Every structure is written in C-alpha cells, then in structure tokens.
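One-based numbering along the sequence shown. Values below: all heavy atoms of this structure, side chains included; hydrogens, waters and symmetry mates excluded. All values derive from a computational prediction rather than experimental measurement.
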Amino acid sequence: MKKYVLTSDPITEFNIDYEQELNPQQYQAVTCTDGTILVLAGAGTGKTRTVTYRVARLIESGMPPSSILLVTFTNKAAREMLQRVESVLKTNLRGLWGGTFHHIGNIILRRHANLLGYELNFSILDQEDSKDLVEACVSELGINRKKWQLPKAGVLHSIVSLSVNTGETLEQVIEERMPHFIGLTNKIVKIASLYKSKKAELNLMDFDDLLTNWLRLLEEHPEILERYGSQFQQILVDEYQDTNHVQSKLIDLMASVHGNIFVVGDDAQSIYSFRGANFANIISFPKRYPDVKLFKLTTNYRSTPQILSLANSSIRINRKQFAKNLHAVRPDGDMPSLLPVRDVYQQARFVVQRIRDMHAEGKPFSEMAVLYRSHYHSMEVQMELTKHNIPFEIRSGLRFFEQAHVKDVTAYMRVVVNPSDELAWMRVLKLMPGVGRVTAHKITMAALGMDDPLEAIINGAAGKFTKRKNMRASFDLFLELLNKLKQPELLEQPSEMIREILVKGGYDKHLIATYPNANSRIEDIEQLAEYSRGYSNTEELLSELALLGTMGEEDTDGSVEKDRVILTSVHQAKGLEWSSVFLIWLCEGRFPSPKASSPDDDEEERRLFYVASTRARDDLYMLCPGSSSGYDGLSFFNPSRFILELPQDVYERCEVEERHAYGY
C-alpha cells in the first residue's frame, strides 16, 4: 500500500525576532539545533517563556504541530504555554499533543489498551473509587480488620501508589517509609495483588495505571513504540526535576526514535521526593545522555540582588547539584532580615504587626505571604491574624480549627465540659469502630434523656447499643478515657487532656490507621496541646476556640474581597511569588524537618529553604523562635543550620523589642 506523508515547507524567514524577545541565555536554548537538550532554569528566570518560544521556533521551522509532544505536570501549565504560543504565532495549534503525563497516557491507552487485555472503554478510578475497590479486596480476602488493626483503605492505597511511583517494592516502601505497618506486610502484599487483578478483571484503571500501562505498551509492543516514537519528532518536558522513575522511562522510550528531547527543570527546586519524585532523573541526565547540550538560565527577573545573594549562598553548600549563580536585573533593595524572637507567640505578633504596618503603607494583603515547613507551624499566626481581623487564605490545608482531627479532639473535650453537647457526642461516638450515624444517634438520645449524660454513658447507658464483638472492646476503652478526662486535674490542664486523648486514648493509632498523612495530623494535635498551655482550664480554651472560629467564618464567603494574606507551606508555594515573604520557625527540629536523617534528606531540605527564599521579590523576613511550650514544659530551639551556615553579610540581624500600650 502506498503511503503519502504531508509535510510543511520550512519557513526560511522567521516572523518572530527571537533575539529581541529573549535574553541571550534563553535565546541559545530556544534556537539550539536538534538533539538532547537540558535547560536548567533557575528560580524566576523565565522558564515558561523559554518553553513557549521553543515550541514557536519548532513550528516556524516547519515542524507540524502533531509531531510535537509537550508534557507538563498540570493541564493548566500546558494550556497556558499553548495559548502563549498561539498568541505569539497568531495561529491555531490544532494537533499538538500537550498535557500531563496522565492525560497523554489516557489518550494512547484509549487507542491500544486492548493489547494489554483491557477493553478500550475502560473506566478510570478516582481516589474514592480506588479506596472502595481496595476495601472490597479486604473483604474478599476475609481479613479481620479489627484483629489485625488494618489501616483504612485510603492508607492501603497510598502504600500501593507510592510503590508504583518510586519503583520500590511494597516491602521496601513499608520498611523504609511506614515501619509501623511492618507486621502487616504480607497482608498488604495480598491486598495489592488482588487489587491489581480486580482492576484488570473489571476493566478499570487508576491514575497510576495510566502511566504503568502506557509504559507496558511501549515495552511489550515494539510496533506501538515505533508508531509514537516516529510521530513525535520533538518532545518537550516541563518541571523535569519532579518526574518519578516511570515518567523518566516513558520519556526515554518515546524519544528513542528521533532522539530530540528538550527537558526543562531546576535541580535546586527538586523538593517532592515524598511523592515519589526522583532527584536522580535530572542530576544524572548528562550521564544517561552523554551528548546532551546543557544550558543554564540564571538571569532572575523576580528578586532583588540581596535576596538572590542569600539564596545563592545557601544552595551553594549542596554537593549534588549543577552549580549556577542567579543574578538579578532589578536594582538593589533591602537586606533580608533575620529576627531571633523570644517564642512562637512573639513570632506571631511580629508577623501580624509588620503585615498591618505594610498594609497601612499601601501594600495589598495579597502581596504578603507567610511560609513554613509544616502546616501545623502556622497555628499561632492564624490565631493572631484572626484576633486582628486580618483576612487570610490557607494554601497548605484547612484553617487549623476546621481540620477533622482537630475537631475530633476538641469534641472529646466538649462532651466533658458540656455533656449536653449533642453534636460533640455524635462526633466522638462515630469514631468508635462499628458505630455509625444511626447507632451514635441512639446512644446520644439515650444519654441526653438522663440528668447527667456523661455519667449515664460511663455507667452503661450505651450498653445495649454496643453489644457486638467488634464494638465492645473499643467502647470499653472509650469509657475509660471519658472517666479519666472528667477528673478535675485534667479539666484544669487542657494541654494534658489533649495528651491523654492523643496517646493514652489511642487517637494517634486511629490517625495512623485512617490517614496517609497521619504524622502531620499528629503534629497538629501536639501543636494544639502546646497552644493550650496558655489556658487555665478546658472551658476557657474551648470558649476561645469557638470565638476564633466564628471570627474566621466571614472570610469563607465567596462575596468577600480576595485581598488576603497567604499562608502556605513551602511545598505549596513553589512556582509562586510575593512582594514580602515571612519565613517562620527557622529552627532546628522544625526547618529542616526532624525526619531528615540522611545527607540526601539534608540537601533536599536545603533546596526547600532555597525555594522559600526565592519566593520573595522585595522583602524577606526570617524568624527563629527561641522557645515553645510543649508536653514536657518549655522547649528551647537553636537557629536552623540553614541560617547558621550563611555568611553574615547576606542578611541583617534585627532585634524585636516589645512595648506595652502604657510603656511598661
């Protein structure tokens, strides 16, 4: 059969003046000839612009859009780049393949999944669907969840997913990342095996399958590899430092025919190993492709020279990296400020007062951000912002007291302080294994019909509703906890009450069995306990929390103006920027994370500090609390190693002096 190939004539005269539109570093990368190209794009150096103009250059050179594959980590990023290319070229890019790895995998599998034993109309499982199927597998295997203290389906699925994304066996993932489940390894392996076979049997794929099955197609069917390898003459990958081992293999295979890969990333911003991202993909790229052409984008358009000097000094300490030095095009600004503060409360007061002062001078709230290593670090700042009625938005999760686990713990406290609190009873009762909404309602109504609902439940009012074997033991422990919590010494020490609920009451075990991010939730509860030490009794604490919750409700109204201070973890802040950035809790044991136990962990934590500091355009405030109250009394902190290792000429050390309203 004859085959006709339609091609476009190369454009010999380019309509775009690339030298005018790009700086010299960007121009070299964009106009480079074919082959394997690695562009190391430092923070704020115009990465998106470079990818955009590279696509435009290829099309102006006569490359059909259907021969170009642009892979990004969000569909939004792909749309933004393609819209910019269309705007630059003033033409439609119909036919160009652009989107996330999962999006591209879905398109290819819709055409060829039958080769792997699927029907082409396979269904894609979302997170909830995946959890439901895992739960069905647990039931089919007849595993007694209570006897073996098996974690919930969402946790089991996260273990399976992490294994896929890291390329580690389930045994390795459990041993290295979730050692508290080592005793369940064999059962988890059986569940994972059945989950995999069930998906194939029912013509289902989850998100991970969109990658692994795409990879199987290429590895097991050479004709599919030849087809797409031949079609895509140019492959561009954005944020390459965030790829996992499956994604890296996919790119290598897809580019194996023509060998034209244009990958853009920044090794200094590789901060997602906990999701399965593999730092080795970018750092070892030149070894895998010895003929690679390497370009560095180091002209930063975002930050002042002073902020870049600090960031450069920090990241320079890492041993595993492509050395580069960002330089600014902006004029000089203020030195970054280092602020040793007495404790976390003074830290919060400083941040909020400085925000108020800058806003009074005309700076919008939305141009200010508070960054931190972990979500629970933001609690005191949230409280202080709320007290001063300053609008804020949380990007790292829910507001502290809106989180389910915080509500659970305060519900225990509420039923002891106010035994007639029907909503609190419903909440704590539903935490018991085997107690659903109907049973919880029956128990609550029976108790509320008594003179003292708390004593009624402790003395057996719920007995006839909790006779089943899967309920009795856990409910007895619950009654023991209630009996302990009502003691006067605990009512006068809310911090100790929270500790009793978390540790001796077994709520920490509930979190581990229920949530993939159990450790961060436990940290939240511990931080709540620390905060509670400032209150003389539990009733006072609960009253304050209720008032704070009410004060924050108006901020959730969609009609309220969007000029808000941003509070976010550094991980969530990547790719964003603000005029003024407050980087809080820069202490050993907080930032870097205490879980960073290896040299590689330490380098990733330093990259996280680098990302945080390069979010600031004009002002960078770094705060180091000296102390914080905790379970065991007052804890003292040393400044973060990321501060101590900096040259002292890259920041200005400032003092925080507090004066009361009347001068004393």
TODO: For Ser378 and Gln382, test the side chains for any donor-to-acceptor distance below 3.5 angstrom and give the result as yes or no.
DONE: yes
- [ ] For Ser158 and Val155, indicate whether the former's side chain and the latter's backbone hold a donor-acceptor pair under 3.5 Å.
- [x] yes
Task: Closest contact, heavy atoms only, Glu135 versus Ala153 - done: OE1-CB, 3.7 Å
Open item on the list: How close do Lys198 and Cys137 get, counting heavy atoms only, and between which atoms?
Closed with: CG-SG, 4.0 Å
- [ ] Please examine the side chains of Tyr515 and Lys152, heavy atoms only from C-beta on, and report whether any two atoms are closer than 4.5 Å.
- [x] no
Below 3.5 Å, can you tabulate the donor-acceptor pairs from side chains in residues 276-287 to any protein atom, sequence neighbours excluded?
from, atom 1, to, atom 2, distance (Å)
Asn278, OD1, Ala280, N, 3.0
Asn281, ND2, Thr243, O, 3.0
Asn281, ND2, Thr243, OG1, 3.0
Asn281, ND2, Asn244, O, 3.1
Ser284, OG, Ala280, O, 2.4

TODO: Could you tell me which non-hydrogen atom of Gly436 sits nearest to which non-hydrogen atom of Lys430, and how far apart they are?
DONE: O-CG, 4.0 Å
Task: Test side-chain hydrogen bond (donor to acceptor under 3.5 Å, both in side chains) applied to His103 and Asn75, step by step - done: CA-CA 8 Å; His103 173 72; Asn75 285 313; 4.6 Å; no
- [ ] Determine whether Val264 and Tyr240 make a side-chain contact, defined as any pair of heavy atoms from C-beta on separated by less than 4.5 Å.
- [x] no
- [ ] Search all heavy atoms of Met254 against all heavy atoms of Leu225 and return the closest pair with its distance.
- [x] N-CD1, 4.5 Å
Task: Exercise: identify the closest heavy-atom pair between Phe181 and Ile512 - done: CZ-O, 3.5 Å
Open item on the list: What's the separation between atom CG in Leu482 and atom CG in Leu477, rounded to the nearest 0.5 Å?
Closed with: 11.0 Å
Open item on the list: Quick one about Ser161 and Asp208 (side-chain donor to acceptor, distance below 3.5 Å, no hydrogens or angles considered), yes or no?
Closed with: yes
Task: Result of checking Thr36, Leu69, Ile68 against Ile235 for side-chain contact (heavy atoms from CB on, under 4.5 Å) - done: Leu69
- [ ] Answer with yes or no after comparing the ring centroid distance for His112 and Tyr228 against a 6.0 Å cut-off, counting only values under it.
- [x] yes
Open item on the list: So, applying side-chain contact (heavy atoms from CB on, under 4.5 Å) with His571, which one of Leu371, Leu608, Val611 is it?
Closed with: Leu608
Open item on the list: Show, in sequence, the C-alpha distance, side-chain angles and deciding distance for Ile584 and Val370, and conclude whether the side chain to side chain contact (heavy atoms under 4.5 Å, CB included) test is met.
Closed with: CA-CA 7 Å; Ile584 63 173; Val370 183; 3.9 Å; yes
TODO: Look at the aromatic rings of Trp585 and His377 and report parallel, tilted or perpendicular, splitting at 30° and 60°.
DONE: tilted
Task: Any donor-acceptor pair under 3.5 Å from Arg607 side chain to Gln269 backbone - done: no
- [ ] Return yes if some donor-acceptor pair links the side-chain N/O of Asp206 with the main-chain N/O of Ser130 below 3.5 Å, else return no.
- [x] no
Open item on the list: Check for me whether Arg590 meets the cation-pi criterion with Tyr372, that is, NZ or CZ under 6.0 Å from the six-membered ring centre and within 45 degrees of the ring axis.
Closed with: no
Open item on the list: Less than 3.5 Å apart, any donor N or O on the side chain of Asp209 or Tyr118 sitting next to an acceptor on the other?
Closed with: no
Open item on the list: Measuring only between side-chain heavy atoms, which start at C-beta, is Leu218 closer than 4.5 Å to Leu250?
Closed with: yes
TODO: Examine distances only and state if a side-chain atom of Arg373 and a backbone atom of Phe591 form a donor-acceptor pair shorter than 3.5 Å.
DONE: no
Task: Chi angles and distances behind the side chain to side chain contact (heavy atoms under 4.5 Å, CB included) call for Tyr412, Glu500 - done: CA-CA 11 Å; Tyr412 277 103; Glu500 194 77 26; over 6 Å; no
TODO: Show your working on side chain to side chain contact (heavy atoms under 4.5 Å, CB included) between Lys442 and Val438 and close with a plain yes or no.
DONE: CA-CA 6 Å; Lys442 289 178 180 178; Val438 173; 3.8 Å; yes
Open item on the list: Check whether Asn260 reaches the backbone of Gln233 with its side chain - one donor and one acceptor, N or O, closer than 3.5 Å.
Closed with: yes
Open item on the list: Could you check whether any side-chain N or O of Gln321 sits under 3.5 Å from a backbone N or O of Asn318, counting only pairs where one atom can act as donor and the other as acceptor?
Closed with: yes
Open item on the list: I'd like to know whether Leu184 forms a side chain to side chain contact (heavy atoms under 4.5 Å, CB included) with Gln149, so could you lay out the CA-CA distance, the side-chain angles of the two residues, the decisive distance to 0.1 Å, and finally the verdict.
Closed with: CA-CA 9 Å; Leu184 298 170; Gln149 296 184 329; 5.8 Å; no
Task: Any side-chain heavy-atom pair of Leu70 and Trp97 under 4.5 Å - done: no
Task: Sequence neighbours excluded, every pair satisfying side-chain hydrogen bond (donor to acceptor under 3.5 Å, both in side chains) that has a member inside residues 594-604 - done: Ser273-Glu604, Lys320-Asp600, Ser598-Asp601, Asp602-Arg606, Asp602-Arg641
